[in-house]
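For the numbers below, each heavy atom of this structure counts, side chains included, while hydrogens, waters and symmetry mates do not. Small disclaimer: the values here were computed from a predicted structure and weren't measured. Letters A, B, ... mirror the listed sequences (proteins, then strands); counts begin at 1.
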Amino acid sequence: MAWQDDWRRVRAIARKDVTTELRAKAGFNSVASLGVTILVLLGLALGPDAEALRNAAVGAVWLATLFSGVLAFNRSFQVELESGALEPLLLYPGPRWTIFAGKLLGNLIFLTLMVAIVVPAGVVLFGVQIPARWPSLLGVLALGVVGLVVLGTFYASMASRSRAREVLLPLLLFPMLVPVLLAATTASKALLGADVMHEAGAWIRLLVAYDLVFLTATFIAFEHVIEA
Amino acid sequence: MAWQDDWRRVRAIARKDVTTELRAKAGFNSVASLGVTILVLLGLALGPDAEALRNAAVGAVWLATLFSGVLAFNRSFQVELESGALEPLLLYPGPRWTIFAGKLLGNLIFLTLMVAIVVPAGVVLFGVQIPARWPSLLGVLALGVVGLVVLGTFYASMASRSRAREVLLPLLLFPMLVPVLLAATTASKALLGADVMHEAGAWIRLLVAYDLVFLTATFIAFEHVIEA
Amino acid sequence: MLNGQPDRAIHLNGLGKRFGIRWVLRGVSLDVRPGEAVGLMGPNGSGKSTVLRVLGTLLNPNAGTGSINGLDIVRDASGVRGQVGYMAHTPGLYDDLTARENLRFAADMLGLQYTMVDSSLERVGLASVADARVRGFSAGMQRRLALARLILRSPRVLLLDEPYSNLDTEGVELMNSVIAGVVESGGAALVALHELAPAKAMLDRTLTLVEGRIAATHQERAGLEHTTPTETR
Amino acid sequence: MLNGQPDRAIHLNGLGKRFGIRWVLRGVSLDVRPGEAVGLMGPNGSGKSTVLRVLGTLLNPNAGTGSINGLDIVRDASGVRGQVGYMAHTPGLYDDLTARENLRFAADMLGLQYTMVDSSLERVGLASVADARVRGFSAGMQRRLALARLILRSPRVLLLDEPYSNLDTEGVELMNSVIAGVVESGGAALVALHELAPAKAMLDRTLTLVEGRIAATHQERAGLEHTTPTETR
Amino acid sequence: MSLKREGKLTSSTDHLRDTQAARPPRTSNWLAFVSFAAVIAAQAYAILTSPADADMGHLQKIMYVHVPAAWMTFLSFFVVLVFSVRYLWRRQENDDLIAASAAEVGATFNGLTLMLGMIWGRPAWGVWWVWDARLTSTLVLFLIFVGYLALRAFTEDAQQKAQWSAAVGAIGALNVPIVYMSVKWWRTLHQPPSSPETLDPAYTLGLRINAIAMLLVLIYFIRRRYEIARLERAVEHMAEAAAMGGG
Ligand code: HEM
Ligand SMILES: Nc1ncnc2c1ncn2[C@@H]1O[C@H](COP(=O)(O)OP(=O)(O)OP(=O)(O)O)[C@@H](O)[C@H]1O
Ligand SMILES: Nc1ncnc2c1ncn2[C@@H]1O[C@H](COP(=O)(O)OP(=O)(O)OP(=O)(O)O)[C@@H](O)[C@H]1O
Ligand SMILES: [Mg+2]
Ligand SMILES: [Mg+2]
């Protein structure tokens with residue numbers, strides 16, 4: 001029974017966040033458009049050489065996801081703060097990790113939708129050739145997104161409650177995401193290139209390990225973070 | 001006398017913004033560190049090849065300035081909104097353009113300080129060779145920063161009052177800044193390369209024209225924007 | 001009452017305001033004479049705050065006209081702002097500045113001497129915390145500071161939205177003395193409130209707003225302790 | 001009073017709380033028995049909100065101990081949260097959700113049936129706007145919705161911070177009936193307020209807080225209409 | 001190590017009983033003297049005994065600061081990790097203050113390593129910076145702890161600050177080896193790392209002596225910073241005594 005109650009809480013939080021985000025008209029659409037805009041900017045700044053662009057494609061897609069994703073994470077806690085709704089949230093009885101899990105789930109849904117727009121846009125804009133083994137590419141994408149969401153949600157739970165949320169979140173998050181960025185871009189590049197599956201393999205293992213380590217660590221740490 | 005009153009208002013707003021920003025202790029420091037962090041991310045995403053990185057250097061510096069600058073612009077109006085201080089601000093008698101001018105001045109100071117950190121970091125990290133004609137490079141930089149601040153402040157005055165400010169501002173601003181980005185990067189690249197002064201010259205003229213046009217346009221438009 | 005002053009300090013005629021398609025004010029007409037303090041009562045959501053925000057030039061009306069001391073609230077918004085002291089539900093202060101810096105900023109914006117800052121801090125009883133940041137102020141201290149900012153501009157017309165909330169007894173007296181000061185020098189005040197008690201002694205009459213219309217006028221000072229229903233338009 | 005219930009619903013002993021180096025509460029001791037409603041008065045900045053926030057487990061005390069129905073507010077915070085209904089200065093609602101969605105969310109978090117949502121919307125008089133977004137609600141409507149959320153959890157102990165502000169007469173009665181319901185079933189209430197009038201009939205006694213210490217106790221219901229200074233600790 | 005000397009401050013609710021703890025801690029001047037004397041001696045020894053490097057000549061002598069500084073960076077952040085975890089475990093204010101002091105000192109050494117490395121790299125490699133694994137991960141490590149310090153600066157409530165930075169410190173330290181591995185792999189896919197791995201035995205003794213001297217400095221700095229933090233807290237506790245005690 002207890003786990004059912006907990007699961008109901010997790011679902012309620014995720015549902016509320018997604019609803020709010022979709023309803024705040026500009027919410028999802030504009031984060032996705034922003035992702036595309038950043039892709040264009042990267043293209044222009046790195047441009048005009050087509051070869052150089054193709055090489056930069058993977059990195060650009062990940063950076064665009066990262067930069068626009070940060071905004072989404074911050075918003076998810078900001079909703080709580082705007083009219084002091086975090087206090088009532090903290091005052092519900094029941095375990096606190098459900099709050100983290102709910103936020104995590106909401107952000108995961110949100111970011112998955114976003115990636116579904118940014119990645120095709122990147123493929124088109126940067127002229128990437130889609131290889132036969134695109135399912136593995138999707139796998140890399142998913143692992144990267146999980147890493148991004150786990151740490152993003154965790155740091156947002158603090159940053160968005162401090163006074164400098166917009167600055168603090170990327171400042172904390174970006175250096176921590178260096179392994180994800182490297183692993184995801186290098187693995188994707190390997191999969192896009194000839195093949196070298198064994199090379200991509202090592203990076204994918206790194207991504208899996210990273211996701212597991214930080215999923216565990218943040219779940220443990222969240223209780224300490226949210227209560228203060 | 002009237003212009004003295006106006007100038008006093010402009011100064012008061014700029015001073016208040018800078019004070020707030022400095023007092024929020026890490027305010028400036030962390031925006032500057034974020035600029036450096038973004039440079040590092042760009043370096044990692046664009047891959048280990050030194051030649052590719054050198055080519056990307058100018059673009060990367062501008063992007064890092066842009067992405068961290070956006071945060072600064074949003075903050076400058078957010079301060080007004082946090083406890084409903086925008087309403088009292090609007091209720092002071094006297095011309096509304098002073099509000100815009102004050103914000104503009106504050107942001108210009110802030111961004112100049114930031115560029116003074118991000119640009120040297122970019123030069124070092126991306127291995128840029130500083131050419132003899134570096135004063136013209138500084139000129140391009142200044143023109144670019146002005147364009148960035150003018151449009152950034154203007155759009156922030158709208159975006160930061162909407163619910164989706166973090167997303168809306170870059171979404172409105174980035175496409176508008178495409179000419180600045182292109183002109184500044186191309187001119188800088190030309191100045192960094194052999195020389196081709198006449199090539200850089202055309203871009204610099206574009207920058208000057210852009211700055212003047214939008215400085216005028218935003219001053220006119222601001223009265224309509226702020227009052228709604 | 002001063003000479004050459006229009007005989008209506010606050011004037012609204014058939015004011016209508018809608019949000020989206022919902023009409024929140026449906027033809028509100030009222031007049032406040034110089035030297036008069038009028039209360040605006042009514043149930044939650046009846047439109048009190050909206051009336052004050054329109055008068056304070058923060059919202060544009062969708063129908064009807066209004067003026068403050070003869071200045072039209074739409075066409076001459078900037079002139080109106082020079083006359084009006086508006087106090088909202090929220091204090092609207094800069095949390096990272098100190099009390100004194102907040103008022104100095106206001107003085108800069110209004111073109112006033114800094115010496116007035118200290119005297120108004122004194123008046124609201126915040127002189128001892130003048131150099132503390134507003135962030136740590138309690139609800140009532142913030143409201144006092146907002147009051148200090150209000151008196152800085154020596155307003156001719158006060159528009160106060162539930163000004164007594166969060167204030168202790170001493171704070172209530174302070175608020176009343178500010179209102180009295182403005183009214184006695186020929187100004188006017190329109191005060192939204194729910195609880196009449198703290199303002200009883202101050203108000204000449206109260207208007208009751210129900211569903212965006214003036215439903216009743218109540219004489220306070222004249223001793224006519226009964227409700228006069230007025231024609232709703 | 002129920003059986004097996006501790007004889008003190010709310011208990012504080014020597015509570016101290018500081019922000020930075022400034023002590024805001026300097027040894028507050030108080031007891032509220034089951035079946036009692038107690039008012040907490042005092043000037044602005046005296047620490048009323050802080051007392052309630054510490055009792056509601058939103059702040060950790062820096063000195064002293066406290067308990068709610070025998071549960072320690074620090075060690076057993078989670079248990080305390082299950083018993084307490086806390087209402088802050090601000091309503092704490094999600095602006096982009098409707099009134100009903102806000103309450104359904106609360107029901108999810110509390111593990112309650114959705115049917116209770118409709119009945120509590122009914123009770124606070126918001127049934128007609130149940131599907132409107134909270135963003136457009138007036139100050140008083142938001143407070144009513146916060147009240148609806150409060151009764152959803154059937155709290156045993158109420159901690160209310162200036163609950164009457166923004167409420168019209170009908171809203172005040174509603175608030176009083178909620179307090180009465182809790183108190184009559186053996187619960188307890190601690191209510192911070194400035195204006196005694198709306199709560200007069202409800203409160204058994206009031207405590208006055210001055211500079212972070214209890215300065216006086218005042219009997220309301222027992223008819224002892226004078227102030228008893230108590231020893232400050 | 002003297003860092004671990006127990007001062008008996010204080011979980012947030014207990015410290016009232018222990019008024020002893022409010023007394024300012026002793027300062028440690030002797031350690032300042034010893035550690036700086038050791039650094040001067042070690043530098044003098046190393047500079048005098050080491051032969052000029054075949055490629056770099058006397059430039060090589062930067063090594064005696066650069067390398068120990070790098071080691072001290074790692075050591076400080078290890079201290080941060082240990083005391084952050086310990087804080088989350090025991091919730092003692094002391095642990096937080098030690099972790100914070102170590103983070104500040106570590107960030108300083110980290111910055112020093114970067115600066116000296118770059119100053120060295122310019123003549124040695126002809127560029128200020130290369131995207132080598134060790135360099136890049138040192139920079140990322142620096143940024144991680146800049147974030148940590150920014151977080152501390154942006155939060156006001158002491159307990160919130162302690163809990164948040166303990167979590168961020170621990171998770172940040174956890175990531176350091178992963179960052180190092182990933183940057184290394186990223187690099188090695190294309191070309192071997194260009195950082196100098198080979199070290200002539202002629203330099204090792206000088207290096208070791210300098211490392212020990214630098215360790216003393218590190219201990220001194222962390223302790224000193226910690227004492228200052230304790231003094232700040234002591235002021236608060238004295239204010240408390242005044243507030244709670246006086247009528
Ligand atoms: C910004 C530039 C640099 C950074 C961030 C940097 C960083 C580091 C770090 C973190 C270490 C300690 C690694 C360990 O012991 O595992 C180290 C050691 C060392 N560095 Fe640097 N370094 C830089 C530039 C240089 C340069 C230009 C040289 C010489 C040409 C150099 C020579 C050394 C040597 C000889 C060691 C000791 C190697 C060993 O014990 O294995 N470094 N450096
Ligand atoms: N920005 C807005 N958007 C949509 N509706 C609004 C907005 N502001 C106010 N309203 C609606 O206008 C009506 C009147 O609101 P107003 O705030 O003026 O009421 P009020 O009389 O001040 O109530 P209270 O006593 O609760 O403060 C309410 O029904 C409210 O829902
Ligand atoms: N987060 C905070 N940081 C610093 N100081 C604070 C903080 N919260 C409250 N204070 C200080 O604590 C004191 C008590 O505040 P509190 O809000 O409890 O007063 P109050 O009795 O509720 O006042 P009011 O009637 O005005 O609401 C005030 O002096 C206030 O400045
Ligand atoms: Mg209102
Ligand atoms: Mg209060």
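For the set Q83(D), R53(D), Q142(D), H89(D), the entry with the most heavy-atom pairs within less than 4.5 Å of chain A is R53(D). For the set L89(A), L86(A), T98(A), the count of heavy-atom pairs under 4.5 angstrom toward chain D peaks at L89(A).
Residues Y164(D) and I179(D) approach most closely at OH-CD1, 3.6 Å, considering heavy atoms. Closest non-hydrogen pair, R144(D) versus V124(D), comes out as NH1-O, 3.1 Å. Residues G56(D) and L91(A) share a closest heavy-atom pair of O-CD2, 3.0 Å.
Both the backbone and the side chain of L97(D) come within less than 4.5 Å of a heavy atom in chain A. When heavy atoms are compared at a cutoff of 4.5 Å, L150(D) does not approach chain A at all. Heavy-atom distances place the side chain of R15(A), and not its backbone, under 4.5 Å from chain D.
For R123(D) and S177(D), the side-chain atoms include at least one donor-acceptor pair closer than 3.5 Å. With no hydrogens or angles considered, no side-chain donor-acceptor pair links D17(A) and S76(A) at under 3.5 Å.
Note that the OG atom of S154(D) and the CE atom of M116(D) stand 5.0 Å from one another [nearest 0.5 Å].
Between F154(A) and F222(A), the ring centre distance reaches or exceeds 6.0 Å. Taking the ring centroids of F174(A) and Y155(A), they lie at or beyond the 6.0 Å cut-off.
Close approach to chain A, defined as a heavy atom under 4.5 Å from one of its heavy atoms, is seen in E101(D), F105(D), A106(D), A107(D), D108(D), M109(D), L110(D) of residues 100-110 of chain D, taken by number.
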